[in-house]
Structures are given as C-alpha cells and as structure tokens.
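Numbered from 1 within each chain, the chains take letters A, B, ... in sequence-line order. Basis for what follows: all heavy atoms, side chains included, without hydrogens, waters or symmetry-related copies.
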Amino acid sequence: MTIRATVRAADHKGRADLADRLFVNGGQWSMLILLVLAVMLPLLAMLWRGLVGDPAQGGGLAAATELFGSANFRWLLGNSVTSALCVALIVVPLAYGFAYALQRTCVPGKGMWRGISLLPLLAPSMLPGIALIYLFGNQGVLREWIPGNIYGFWGIVLGQAIYTFPHALMVLLSALALADARLFDAASSMGASPWRAFRSITWPGSRQGVFAAACLVFTLCITDFGVPVVVGGDYQTLALEAYKAVLGQQQFGRGALIGLFLLVPALLSFAVDLWLRRRQRDALSGRAQPYHATPQRGRDASFLLLVVTICAVLLGVFGMAVYSSLVKFWPYDLSLSLHNYAFSELPGGWLAYRNSLALACACALFGSVLIFTGSYLLEKTRQTPLTQVLRLLCFIPMAVPGLVLGLGYVFFFNLPANPLHGLYGSLTLLVICTVAHFLTTAQMTAAAALRQLDGEFEAAALSLKVPLLRHFLRVTLPICLPALLDIVRYLFVSAMTTVSAVIFLYSPDTVLASVAVLNMDDAGNVGGAAAMSTLILLTSAGVSLLLAGASRGLLRRSQAWRGAPAH
Amino acid sequence: MATVDLQLRDIHKGFGAFKALDGVSLDVAAGELVCLLGPSGCGKTTLLRCIAGLEHQDRGQIYRSGRDVSAMPPQARDYGILFQSYALFPNLTVAQNVGYGLANQGRESMRARVGEMLDMVGLAGSAEKFPAQLSGGQQQRVALARALAPNPSLLLLDEPMSALDARVREHLCGELRNLQRQLGITTLMVTHNQDEAMLMADRIAVINRGRVEQYALPKTIYNAPASAFVAEFVGQGNWLPFEREGVRARVGGLSLHLEAPGTQTQGRLFCRPEAVLINPDAEQENQFSARMREMTFLGNRCRLRFELDELPGHALLAEIAPESMPQLRDDHIRVALPARSLQVFA
C-alpha cells in the first residue's frame, strides 16, 4: 500500500518534471524558430538580394557601386540627413523642456499635458502631413503665415517633428524620472545656484537620454516615408526612394540596397546607445531618496508656458485634421458633413478599416501572450546559451526600421521556393511582421515587470512540486496583469497606425486603414485621407482609454494585496 | 546518533573562475538541526541550493536516506524551503499560500491540512488576509507553514531571520527551534549570524571559501576552534604573534607558558576575552603588567581594552562580570593569560 503510494507519488513527480521541461524547452525552441523565421531570415534575404541579387532589378555589387556613387543618391542622402538633423535639433530640446516640466517642476495638470503630448502616437505618420496641408497648403487657412510653399523641406521637418515628438518625450521622461534628492540637498546646502545644480547633477544624469532621444528621432526621420510622401513635394528622401523603387518600379535589388543603407544609422546609434548605457548603469544607487519638486512660481510659470504652447500646437494640428475631415468640400463649402467618411464608395474603404481592426486585435492578443510568455521563459529559467541567443534575437527588431523589415519580408516570403510563400499577402503575415516589428519594446516592458517579482517565486513553486505552467498562470500572470495590459495597448495602437513595414505586404484583400490613407492621399482624395486618419486616431484613443480604465480598475481591486497604493 | 538522513560527498560548484563550493562533505542525522555558518559569499547558500536542486553541482553526490538524488529535479527531492525573502505569493491569501503545494489532494483534506498548519504557527485568524497585511514575523510563519504543509522529510532555511528586527528575531529563533524538535524534521539552516547558529543548532558547519572549516557541536566550535578562521569568525578573541622556544612562546619581550605548544616554530596565539584574568592571584602564571585604555559597561558584563606594557600599541580585550571588576585607582592593572586558554594557530 505504502509502496504503491510512493511509486505513484514518484510517477506524479516525474510527470510534473516532464511537463515543466516541455513548457520551458518547448517554449524556448518555439521562440527560436519564430524569431529566426520572423526576424533573422527576412534580414538575411534582404542582404542577399541587395548584394548578389539580379542586376536587372538593380541588385548586385556592380549596381551597388553605381547606386552609391551616383549624384542622385548623394542628393537623396543629403536631403534625408539635413531634414532628419533639423528635426532632431528642434524636437530634442523641446521634448527635454517638456519632460523636465513634467518630472522636475510643479506645473499643474501634468496628466492632461502628458496625454495630449502622446497624441501623435495614436495616428499614422501621414496625419501631421495632411494637417499641415490644410493649415499651410495652397488652400490652407494659414497660407499667408509662411513664405513660399509648405511642400518640401519645411513640410517634412514640421510633420516629422510632430510625429517624432512623443517618441523623444518618452525617452527623456524616463531619463529624468529618477533623481536622488540628497544630491540636490547637498548642492543647495553648498550654495549652488539652481543653474549650477542643473549643470552638475541633472544634465550629467540625463545627457545619455538626450543622446538616445536624438538618435531615435534621427533614425525615425531618416526611415519614415509617411510624411515625405504627403508633404515632401519635390524634396525627395532616401526612404521615399526605397518605397518607390519597390512598389512603383519593381526594382527590388535597388530597394534592398537602400534598405541596407538605412540600417546603418540605426545600428550605429543603437550600438553607441548600448555602450553609453552600460557605462552609466550604476549612476543611481539603490538607496537614493526620490526627488520631489517644490513649487517655484517663476520656474513653474515659464515651464507651463512651454508645455501649453506645445500642447496647443499639437491640438491645433490634430484638431485641424479632424475638422478638415468633416468639411464638405474644402475650401469652397465649409459646412460640416460625414461626406468624407463614405468609404463604402471607395474600393476597399471599410474593408481597410476592418482589416486594420482585425490586425490590431490579433497583434494585441497573440503578440502579448507570446511576448509575455516568452519573456517569462527568458527571465525566470536557468540561463543557457539558448536563452542568450533568444535575448539577442529579441533585441534586433529595435535596431531595424520598419521600412527595412518590410523589405526583408518581401524578399523572404515572396521567394517562390519558400514553403511559407503562401503566407505572402495574407493577414497572418501582416500580424507576424507587425508583432516582430514592435517586439523589443513590448518584450522590455514584460521583462521589467517580471524582474520586479521575487526571484525565489519559481524556486518556491518547484519545492512545492507545483508545475511551472500552473505557477505562471496562477501567480505570475495575475501580478503582472497591468504590464500585460500595457503591452496589449502598445501592440494594438502600433498595429493600428503602422505603415512602414506593412506597406510592402498587403494584398487587395488585406489592405489596411493606414495604407488606405496613403492611397487616398496619392489619388488626391485628401479629405478621405484625413477622415481615415481621424478614424484611426479615434480607435486608438478609444482602445487606449478603455485599457487604461481596465488597468485602473484592476489596480483598485487588487489594492489589498499590492500593498502600496496604485499610482 | 540516529540514522544519517542527508549525506553530501565532495560537492564542487564553480561560477566561471570563482569556486563557490570546493569539496564539501557533510552528514546530517535524521531529526537534527544543522547550521551552515559563514561570511557572505562563502558558498553556504549555494550549498543549500544544490541540496534543493535549484543549482546543479559540478561534481559530487547528494544522498537522501541512502538514495542518490544528485541528478534529480527539485520536484523529486521532497523538501520544504524557507527563503530569505519568504517568497510569499502576494496575490494569494494566507490560506491559498499554505495550500499552494497541496493541489493534488482533495479539496477537503487540503482545507483540513491548511487549518492544521495555520493552527500550528498560530495564525488561524489570518487565513483570509494577504501577505502584505501581515508583519514580517507573521509572514515568516506563513512561509514556514507553506513549506511544511506537504509534509516534507527535510526542511531548508535560507537566512530565515535576516529580514526581522533583533527583538523579534530571538523570539522566533526559539519558536522555530521548538517546532523543529516537535516535528522531528531534519533541518538545514543557512546563516551568517553566529548567535542564531549557537541558539538553534545541534551542530554547526563553519564554511569559508567553499570549504567546511569545522563541523562540530556549538560548544566545541566556540571553545576549540579548528582553525584560525573559525576562531576569528565565531566570537571575539585576542591574537598575539609568537615564536616558539620549547614549551614556551616568545611574544615581543614576553615569555608565555603553553599547555599545548604544537609543532609550529612561529604563528599566532589565540585567547578568548573572558579567559583573561584581571588582577589575579600572585601565583597565577603568564602574568604581566598592563595599562587599561578603555572600559565599557555592557550590562551583564564589562569589556576592558588594555595594552601589555611590553607590547605597546597592540590592543587586547578582556571580559569580566561587573561585580568582579576590581576597584582601580589608576589605569595600571595586572593581567594573566592562563596557559590552558591559549591556542596556537599558524
């Protein structure tokens, strides 16, 4: 009796161990296969297509030398670099001031300002361009405010400045989030002026963030074609050229070469950023006292002015886009109507919106589950060479612009010899590409949440003979639910607004809302483009608010065990 | 002693070039409480994690009741563990935490067992609370109840007291010790606190740089340390550099009589502060004049800091009962270092 019971117990333990191994090893190997298929092979395909591809399509080494040596290429490169640098010079100081106001001063209404500043994230990058056309275009309401024409250099710079502002802001907000109050106390006790304290404490602590933000803005601008395609006019850029080479002229090799070239600034800034971050890791000790700003009328008033001005500009631009989408016939009949929203009269109008919703939901659902589970399997298991490789693979998408990733997908999945060729043009492939594109940020969110959990939770579960999967579902997931909702929101909004990667991958059946914006604008239907952009904006905003509400409710309900009050 | 429950044979474990465990062998009898005592980074926690199967030793065997468990996964090893952080699951109630390892029992028997465990640790009234609503001491008891609920045959304690303040600590040490005796469960406890080890252990294994320096009763560890490290790590002590001259030792300008002179020609003499005699009888050997530098009243005893006249600049300690404190007119005293209390180390 006892012997049989022991045998059964041992058998049960054996099975528990097997189930754990299946969960951990099976999960990690599946991740490896998915990451190789969705990240590595497309990038390698692009490399191969660009360097040894068919000369008839503008690929190969000879074509490369010709392309990179041509005057046209130098002109395009000059245009891209000049406008991107100009945007970085405008955006980074403004975003720094904005972030400083939110983190280090006592301006009122911080939550509202932060919400408004994130507006550009909720719409495709074409939207600022469209709004600029209505504001400063040939028939714009503020036409006489600018000399000459909005189409061209300044259009691109203004549009991209609005589009990249929240990206820079988020980097700088986190760079300025943590400060040691004791350092400021020490500085003021030694009689240092606020300016001196800023120069010797705040600036050294945040300059790495400034560099990272500048690199991010530069890379986003140089690889973006949403703004140039709308307001670029004759001012052509490299990203636009890659887009036209592949979609307009079927010059795949030429597209691949430009794509490879666009990878350079991203990889370079990424490497430098990583290096700087490693050097600065221990700047803030664990015993630091968090800094809380005290009210100072003069400082707070001037920062409020800055914040209000920036928010007014953003609201003006986005308000203009929404308003123009409601106008019957710009600029001749300014009465309001939903005429521009009659997408059913266009080929694939509502279909595009429905497809976008399906894509966003699928990315949010499958992406968040996959990424969160994958992060768990990376963070909470024994570290092996396999987990090291997986970490590296998870990091790559951050350094790869969407345009480049999309081109890689074209080259890899469009190969007739590829058994996955059937996926080309399907919604499934769009989901895979979008999740891969936004993988790193989501994975970092998950990893940060998981690292806050006690490292011994898994060991405790093992000692109690609880299968890891059940522990994951019963303890880890409930504790990390707010972070998971964050990932869901991020993936949903990104999938709703993305255009850079998916533009190369859709078929008539799987056209997306953001692509429809581009196509309508191209066909001269700017009102329709504004309407579709507005629809995307409202959907993203609605879902974000819904998820934020859910998250808040969740935190309130779990306050009993979370201990610290929800923030 | 009773039968051997846990046997460690030549356990090695390295992290890169660092040797965390360098050939550890240890026998723990059934029902015994053994403390692994050592400074941080000595490998004691690594050893505990190897026994738990959470780390894998590079070399060596682990036996449980004669069965080789060296390669078994944690789930198959049948132990309960109490972590330094307690690792209580914050989203589960006290009852759910305690019942976490009982899922494959029936609902009724699980509820009964949880009730029984909570009664045992005196927290029956807190079953529906969450860990964040309990004090540190209560959290520790919940973690202990959770570890013991599946009725394991071995209990592992990883610095269980380090998160508690001193007052609660002593009380809980006693409580934990009583519970362990009552259950008769073989227990291995990791600590860097010698008081805890002395208070609780049947035997103490002092660990340094991944090796067991001494494995003995607490009394033996204190009175007859096997190495200079053990002598230094456990309790306070005086050290005097010496050169041997027959059965006597020369320390600076002094000559001391030794009871166990050993074989070294030179080394260090070791003497506990409470073995030092202050103003002893005239016939006491190894008696020298000294100058008192400082006297500290510690309640139940007094601590004297003094320098031998022949060995200036080398501060020594003595501890005596307050009532035997001599009435001193100036700071000149006579001290004796009795030969039987002097130990010789390299």
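More than 12 heavy-atom neighbours from other residues, nucleotides or ligands sit within 6.0 angstrom of CZ on B:Arg9. Residue A:Phe366 places its CZ atom among 12 or fewer non-hydrogen atoms of other residues, nucleotides or ligands, all under 6.0 Å distant.
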* May I have the step-by-step check of side-chain contact (heavy atoms from CB on, under 4.5 Å) for B:Asp78 and A:Lys465, ending in yes or no? => CA-CA 9 Å; B:Asp78 189 35; A:Lys465 304 173 186 114; 3.5 Å; yes

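Options A:Glu458, A:Glu456, A:His471, A:Arg470 differ in how many heavy-atom pairs under 4.5 Å they form with chain B, and the most are formed by A:Glu456. Most heavy-atom pairs under 4.5 Å with chain B: of the set A:Asp454, A:Thr476, A:Ile479, A:Val475, this distinction falls to A:Val475.
Residues of residues 81-96 of chain B having a heavy atom under 4.5 Å from any heavy atom of chain A, listed by number: B:Ile81, B:Phe83, B:Ser85, B:Ala87, B:Leu88, B:Phe89, B:Pro90, B:Asn91, B:Leu92, B:Gln96. Of residues 40-52 of chain B, those residues lying under 4.5 Å from chain A by any heavy-atom pair are B:Arg49.
A:Val466 and B:Gly101 make their closest contact through CG2-CA, 4.2 Å (heavy atoms, listed as atom of the first residue, atom of the second, distance). Heavy-atom minimum distance, B:Gly53 versus A:Arg382: O-NH2, 4.3 Å. Of all heavy-atom pairs between B:Arg146 and A:Leu464, the closest is O-CD2, 3.4 Å.
Counting only heavy atoms from C-beta outward, the side chains of B:Tyr79 and A:Ser463 approach each other to under 4.5 Å.
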